[in-house]
Protein chains: 2
Amino acid sequence: MEYREEILTLLKAHHLRLTKIRRSLVDVLFQNEAPLSVQDILCKLRKIQLTVNKTTVYRALEQLQNIGIIGVVRLGDRKQYYELAFREHHHHLICLQCERVEDVDMNEDRLFAEEKKVSDERGFTILRHSLEFFGLCRRCQSI
Amino acid sequence: MEYREEILTLLKAHHLRLTKIRRSLVDVLFQNEAPLSVQDILCKLRKIQLTVNKTTVYRALEQLQNIGIIGVVRLGDRKQYYELAFREHHHHLICLQCERVEDVDMNEDRLFAEEKKVSDERGFTILRHSLEFFGLCRRCQSI
DNA sequence: TTGACAAATGCAACTGAGTTGCGTTATTAT
DNA sequence: ATAATAACGCAACTCAGTTGCATTTGTCAA
Ligand SMILES: [Mn+2]
Ligand SMILES: [Mn+2]
Ligand SMILES: [Zn+2]
Ligand SMILES: [Zn+2]
C-alpha cells in the first residue's frame, strides 16, 4: 500500500491535518534508511526550501509517534533519533568512528526466552527492550 | 580484595590524587546497587556533609572511567548513569512507572553468535552492545 | 617539616537538545 | 466564503553537560 495513503488515513482518523511540513517530514524519513535527529531533519527540509522552526518539528514528531507512524531510537548520545515505524522491530549498528547507522535484523528467540525467565523469576514484566551494537563499519575498519 | 586498595593503586598508577571527594564518590557508588546520575550523586554526597560542585563530579567521573573504575550506562532518558565497573558485564531492568533499576545477568551466547554473523556478513566489527529492558517492576504491577 | 609544583576544585558562563506559552497563520468542514 | 480550530513561529525557558580561569589542596622531594 502507498504509505502516503495510509498516513493520510491515520491523520484523518486522529483529526490531524496533512500539512506541507508534515508531508515533507515523512518524505524525508522515508528517503533515509538511517534514523534522523531533529537537526538532521531540519537540514534536510531546508535543502528542499522548507525553513521550519524546530518546535514545529518536535510537535509534529510527537504526534506522528502517537499515531504509530514513526518510532524513536536512542543511539548512545543525548539526542533522540526518529524513523518510520512501518519497518518491523529491529536494531542498529552504530559506527563509533563515522557515526554511520545500519539496521540489523536478528533472531530474538533467545532474547524472548530470557525475558520470560526474568518475568517468571523476578516478577518484572518486560514490555520492550533496546538493543544497539557499537563498533566499526566496513569503511572505518581500514583506517 | 578491598576495593579501596585497588582504587588507590589504580589512581597512583595514573598520577591521580586520592581526594576526599573521590573516595566518597566511589563509596556512594559502592553502596548503591543501581547506577546513579550526577544529580543522584550530588544529593548523596550532600547527605554526608559534602557539598560538591557538579563540575568536580563530572571531571572525577570521567577520570575514574578512564582508568576503568566506573562505567557509564544509558537508561533511556537524557542522563548518563554511573556504576562501579568491578561488576561483570550485565544489563538492566528499568521500571517505566517508578524508574527503579535492577541488574540482570543473562546468557549471551546467542547474542555473541549474532554479532559474529553480522561481523562476517557485513564487515561491521562489533566492539560492544547496549541492552536494556523496560517494563513494570513487581511493586508497580499491581497498580 | 616545608615548600614548590601539579592536580583538583569552585564558579560563572556557556552549549545543545528539548519544552512551553502565546499570538498569528493555515487547513478543514460546512 | 466563513468559522472553528489545528498548526505554526517565536522567544523564553529547562536541564544535562562542558569550558576557562582563578584559587585551593595533595604529593613528593629537599
Ligand atoms: Mn532503523
Ligand atoms: Mn548495573
Ligand atoms: Zn564508520
Ligand atoms: Zn516500578
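Just so it is clear: chains get the letters A, B, ... in the order the sequence lines come, proteins before strands, and each one is counted from 1.
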- Query: What is the distance from NE2 of H15(B) to P of dA29(D), rounded to the nearest Å?
  - Reply: 12 Å
- Starting at the 5' end of DNA chain D and moving along, which residue's nearest nucleotide shows up first, T56(A) or S37(B)? T56(A)
- Please check the phosphate of dG18(C) (OP1 and OP2 only) for any side-chain N or O of Y58(A) closer than 4.0 Å. yes
- Query: Any donor-acceptor pair under 3.5 Å between the side chain of R59(B) and the base of dG10(C)?
  - Reply: yes
- Item | Interatomic distance, L42(B) CG vs dT9(C) P [rounded to whole Å] | 13 Å
- Item | Pair of N/O donor and acceptor under 3.5 Å linking dG18(C) base with K54(A) side chain | yes
- Query: Rounding to a whole Å, what distance do you find between I21(A):CD1 and dA26(C):P?
  - Reply: 10 Å
- Query: Checking T9(A) side chain against E5(A) main chain: does a donor-acceptor pair fall under 3.5 Å?
  - Reply: yes
- If you check every side-chain atom of R78(B), which of dT28(C), dA17(C), dG9(D) has the closest atom? dA17(C)
- Query: So, the side chain of H91(B) versus the backbone of L131(B): is there a donor-acceptor pair under 3.5 Å, distance only?
  - Reply: yes
- Query: Quick one: Y81(B) OH to dG17(D) C1', roughly how many Å, whole number?
  - Reply: 14 Å
- Message: Check the phosphate of dC8(D) against T19(A), side-chain N and O only, distance under 4.0 Å to OP1 or OP2. Yes or no?
- Response: yes
- Query: How long is the line joining CG of N53(A) and P of dG23(C), in whole Å?
  - Reply: 17 Å
- Task: Look only at the side chain of R128(A) and the backbone of F134(B), and say whether a donor-acceptor pair between them is shorter than 3.5 Å.
- Result: no
- Task: Could you tell me whether the side chain of E83(B) and the main chain of V73(B) form a donor-acceptor pair under 3.5 Å?
- Result: no
- Heavy atoms, side chains only, cut-off 4.5 Å: are V72(B) and Y81(B) in contact? no
- Query: Tell me: CG of N66(A) to P of dA6(D), nearest whole Å?
  - Reply: 15 Å
- Would you mind classifying the nucleic acid contact of E62(B) as base, sugar-phosphate or nothing, using non-hydrogen atoms under 4.0 angstrom? nothing
- Message: When you measure only distances, ignoring hydrogens and angles, does the side chain of R17(A) come within 3.5 Å of the base of dA6(D) through a donor and an acceptor?
- Response: yes
- dC8(D) C1' sits how many Å from L25(A) CG, rounded? 14 Å
- Message: Which is more 5' along DNA chain C, the nucleotide nearest K20(B) or the one nearest Q39(A)? Just name the residue.
- Response: K20(B)
- Using atom CD of Q80(B) as one end and atom P of dA16(D) as the other, report the distance to the nearest whole Å. 12 Å
- Query: Which comes earlier along DNA chain D counting from the 5' end, the contact point of K12(B) or that of T55(B), where each point is its nearest nucleotide?
  - Reply: T55(B)
